[in-house]
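These numbers were taken from a predicted model, which means no experiment stands behind them.
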Amino acid sequence: MWVVVTESEYFRAQIIKTKLESENIPVRLQRETIGLLYGITFDGLGGVKILVPKEYQQKAEVIINAQRSD
């Protein structure tokens with residue numbers, strides 16, 4: 001089962017994905033259709049959900065929160 005650990009705009013989501021994968025955490029990105037069609041992110045439209053397997057959720061959240069505080 002995959003769970004959403006955070007949402008972000010596309011480029012930041014790519015950075016988070018790379019960081020999580022470097023820690024051996026599988027990651028999936030789920031984009032809103034409007035973002036795929038027009039390449040926009042505005043007020044939640046076009047955002048990207050970052051998902052990890054449930055068993056990695058806690059570890060992923062710690063890494064994401066540490067990255068935010070940098």
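Linking Ile, Leu, Val, Met, Phe, Trp and Tyr residues whenever their side-chain heavy atoms come within less than 4.5 Å leaves V48 and W2 in two separate clusters. With hydrophobic clusters built from ILVMFWY side chains whose heavy atoms lie under 4.5 angstrom apart, M1 does not share a cluster with I50.
Residues A13 and S8 come closest through the heavy atom pair N-OG, 3.8 Å. Nearest heavy-atom pair, Y56 versus N24, reported as atom, atom and distance to 0.1 Å: CE2-O, 3.8 Å. Looking at every heavy atom in both residues, P53 comes nearest to P26 through CD-O, 3.4 Å.
Of the inter-residue distances, the one linking E9 atom CD with R31 atom CZ reads 10.0 Å to the nearest 0.5 angstrom. Separation of atoms OG1 (T6) and CG (L51) is listed at 10.5 Å; rounding is to 0.5 Å. Atom CD1 of I16 and atom CD1 of I63 lie 11.0 Å apart (nearest 0.5 Å).
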Go through Q57 and V5 one step at a time and tell me if the side chain to side chain contact (heavy atoms under 4.5 Å, CB included) criterion holds.
CA-CA 7 Å; Q57 181 179 7; V5 289; 4.0 Å; yes
Is there a side chain to side chain contact (heavy atoms under 4.5 Å, CB included) between I64 and L20? Walk through the geometry before answering.
CA-CA 8 Å; I64 291 167; L20 294 176; 4.3 Å; yes
What verdict does the side chain to side chain contact (heavy atoms under 4.5 Å, CB included) test give for I15 and Q67, after you've listed the backbone C-alpha separation in whole Å, the side-chain angles of each residue and the deciding distance to 0.1 Å?
CA-CA 10 Å; I15 293 168; Q67 192 172 8; 3.4 Å; yes
If you apply the rule side chain to side chain contact (heavy atoms under 4.5 Å, CB included), what do you find for Q14 with L29, and how did you get there?
CA-CA 8 Å; Q14 289 295 330; L29 299 181; 3.3 Å; yes
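Within 6.0 Å of atom NZ in K19, 12 or fewer heavy atoms from other residues, nucleotides or ligands are found, so the atom counts as exposed in its surroundings. Heavy atoms from other residues, nucleotides or ligands lying under 6.0 Å from CD of E23 number more than 12.
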